[in-house]
J.: 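Starting off with a structure, shown below.
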Amino acid sequence: MKVLVTGGAGYIGSITAAELVQAGHAVVVFDNLYQGHRAAVHPDAAFIEGDLRDTDAVKRLFQEHKGIDGIMHFASFTLVGESMEQPLMYLRDNVIAGSNLLEQAAAHNVGRFILSSTANLFDDPQTMPIEPDDRIVPGSPYGESKFFLERLLHWFERIYGMRYACLRYFNAAGDTANRGEDHDPETHLIPIVLQVALGQRDKVIIFGDDYPTNDGTCVRDYVHVVDLAQAHMLALENIQDIGSRKYNLGNGNGFSVLEVINAARKVTGHAIPLEVGPRRPGDPAVLIASSTNIREELGWEPRYPDLEQIVSSAWEWHSAHPHGYAK
Ligand code: UFG
C-alpha cells in the first residue's frame, strides 16, 4: 500500500513508518519538525517538510503524491498539561490540522484512516480496565481535540465511506535500536528517569504519593512503541474488511511511578534519587486499557509486555544517544 504518515518524524510516527517500510509499503512522511527529527525518518520513505495547518501545503501534498491508499495521522500537539495552559493550540490547531487532512483525504478517495487517539478520553473511568466503548469524558483540551477528530471520522465514514480506526494509546514507551523518544522539553516519566541515570538530572520528582493506589503513586499502562506500530499496521490492513473500529491500546497491566523507577534502577544500575513533589494537575490515579477487542478481532499480541523489557529498550537507545538525535 501507499501510506501517508503525518508526524512520521516524531517518536511513535517514525517508528511506525520504519515498520511500514520494512513490511514493504511505500511510505510518504509529512512532518513540520516541531517535535520531529529529520534523522528519524526512514531513508526509504519520501519526506516532505510541511504543516497540516497550511491548507495549500496539504493540497500540494496530495497533488504530488497520487494514489495514497491509507493515512496514519500522528501529527499533533500531544501534551495534556500544555493544553490546559494553551487550549487553542489544541482545540483550534489540532482540529484544523486534522480537518485539512481529512478534507484532502476525502477529495482523493483515501479509503483508510488511522488516528492516533488517547487515553485522555477517559478522565472519569467507571471501571478498570477501560473498555473502548466506556463513557468518554475528555480530561483536557488535548483529549477533547482527539475526541473531535474521532467524531469527524464518524461523519466522514457516513458521508464519504472512509474506513477508520481510532487507536487510543495509553502510555507509549520504549524505543528501537535506531529510533527513540526525544522531546524538547521532555515531560514523560521513562525518558526523565533515564536522564537521571545518564547524569543529566539530579533526581526524579514524583508527582504525588497520596493517590489511592498500592504505593500511593499513579498507575499507568505502559505499552511498547513497536507493539503500537504493529497495531497500526493490523488496523490499516483490516479495516476495509472488518469495518471502522475503536481500540484502546495497552498491556492491561498497571505499573506505579515507583515501580517504573525501580525497574529503571535495575536496568541501569543507577541509584536514581527521587523526591516526592505535589500532584500534577489533571493526572488520574489509575489508567489501564482493555485491549480485548483488538486482540480478538485482529490477533494483536504485544511482543514486549514486560516493564523491564520496555525500560531496557529505552535505556539502550538513550545510552547510545544521550543527547537524542543530532540537532
Ligand atoms: N510523572 C512523575 N514525574 C515526572 C513525570 C511523570 O511522577 O517527572 C508521573 C505522572 O504524574 C504520571 C506518570 O508519571 O502519573 C506518567 O506520566 P507521563 O507524563 O509519562 O504520561 P501521562 O500518563 O501523563 O501521559 C500519557 C500520554 C498522553 C496521554 C495521557 C493520557 O503521554 O499523551 O497519557 O492520560 F494523553
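Ligands are counted one by one from 1 in listed order, and the atoms in each one are counted from 1 as well. Bear in mind the structure is a predicted one, so any value in this text is a computation, not a measurement.
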J.: Under 4.0 Å from a heavy atom of Thr187: give me the atoms of ligand 1 that qualify, with their elements.
T.: 5 (C), 19 (O)

J.: Near Tyr142, which atoms of ligand 1 are under 4.0 Å from a heavy atom of that residue?
T.: 33 (O), 36 (F)

J.: Among side-chain atoms of Glu82 and Tyr142, is any donor-acceptor pair under 3.5 angstrom?
T.: no

J.: Only heavy atoms of Thr118, strictly under 4.0 Å: list the atoms of ligand 1 that pass.
T.: 29 (C), 31 (C), 36 (F)

J.: Find out whether Ile71 and Val3 are in side-chain contact, i.e. whether some heavy atom of one side chain is under 4.5 Å from a heavy atom of the other.
T.: no

J.: Would you mind listing which atoms of ligand 1 come within a distance below 4.0 Å of any non-hydrogen atom of Cys218?
T.: 15 (O)

J.: Please identify which atoms of ligand 1 are closer than 4.0 Å to at least one heavy atom of Ile206.
T.: 7 (O)

J.: For atom 20 (O) of ligand 1, what's the nearest protein heavy atom and its distance?
T.: Leu189 N, 2.8 Å

J.: Nearest protein heavy-atom contact for atom 31 (C) of ligand 1: which residue, which atom, what distance?
T.: Asn120 N, 3.6 Å

J.: How far is atom 33 (O) of ligand 1 from its nearest protein heavy atom, and which residue and atom is that?
T.: Thr78 O, 3.5 Å

J.: Looking only at protein heavy atoms, which one is nearest to atom 9 (C) of ligand 1, and how far off is it?
T.: Val257 CG2, 3.7 Å

J.: Which atom names give the shortest non-hydrogen contact between Leu152 and Ser99, and what distance separates them?
T.: CD1-OG, 3.7 Å

J.: Between Tyr11 and Phe74, does the ring centroid distance fall short of 6.0 Å?
T.: no

J.: Please determine if Leu287 has a nitrogen or oxygen closer than 3.5 Å to a nitrogen or oxygen of ligand 1.
T.: no

J.: Using distance alone, with no hydrogens and no angle criterion, decide if Ser290 and Thr292 have a side-chain donor and acceptor under 3.5 Å apart.
T.: yes

J.: Non-hydrogen atoms of Tyr222 versus ligand 1: any pair closer than 4.0 Å?
T.: yes

J.: Going by atom types only, do Gln230 and His232 share a side-chain donor-acceptor pair under 3.5 Å?
T.: no

J.: Write out the residue and atom name of the closest protein heavy atom to atom 17 (O) of ligand 1, then the distance separating them to 0.1 Å.
T.: Arg280 NH2, 3.4 Å

J.: If the cut-off is 4.0 Å to any non-hydrogen atom of Val80, which atoms of ligand 1 fall inside it?
T.: 36 (F)

J.: Between the side chains of Ser116 and Tyr169, is a donor N or O closer than 3.5 angstrom to an acceptor N or O?
T.: yes

J.: Considering only the protein, which heavy-atom contact is closest to atom 32 (O) of ligand 1, and what is its distance?
T.: His188 NE2, 2.9 Å

J.: Going by distance alone, is a donor N or O of one side chain under 3.5 Å from an acceptor N or O of the other, for Asp209 and Thr217?
T.: no

J.: So which protein heavy atom does atom 2 (C) of ligand 1 come closest to, and at what separation?
T.: Phe207 CD1, 3.3 Å

J.: Out of Asn171, Thr213, Leu121, whose heavy atom is nearest to atom 25 (O) of ligand 1?
T.: Asn171

J.: Quick one: do the His224 and Ser313 side chains pair a donor with an acceptor below 3.5 Å?
T.: yes

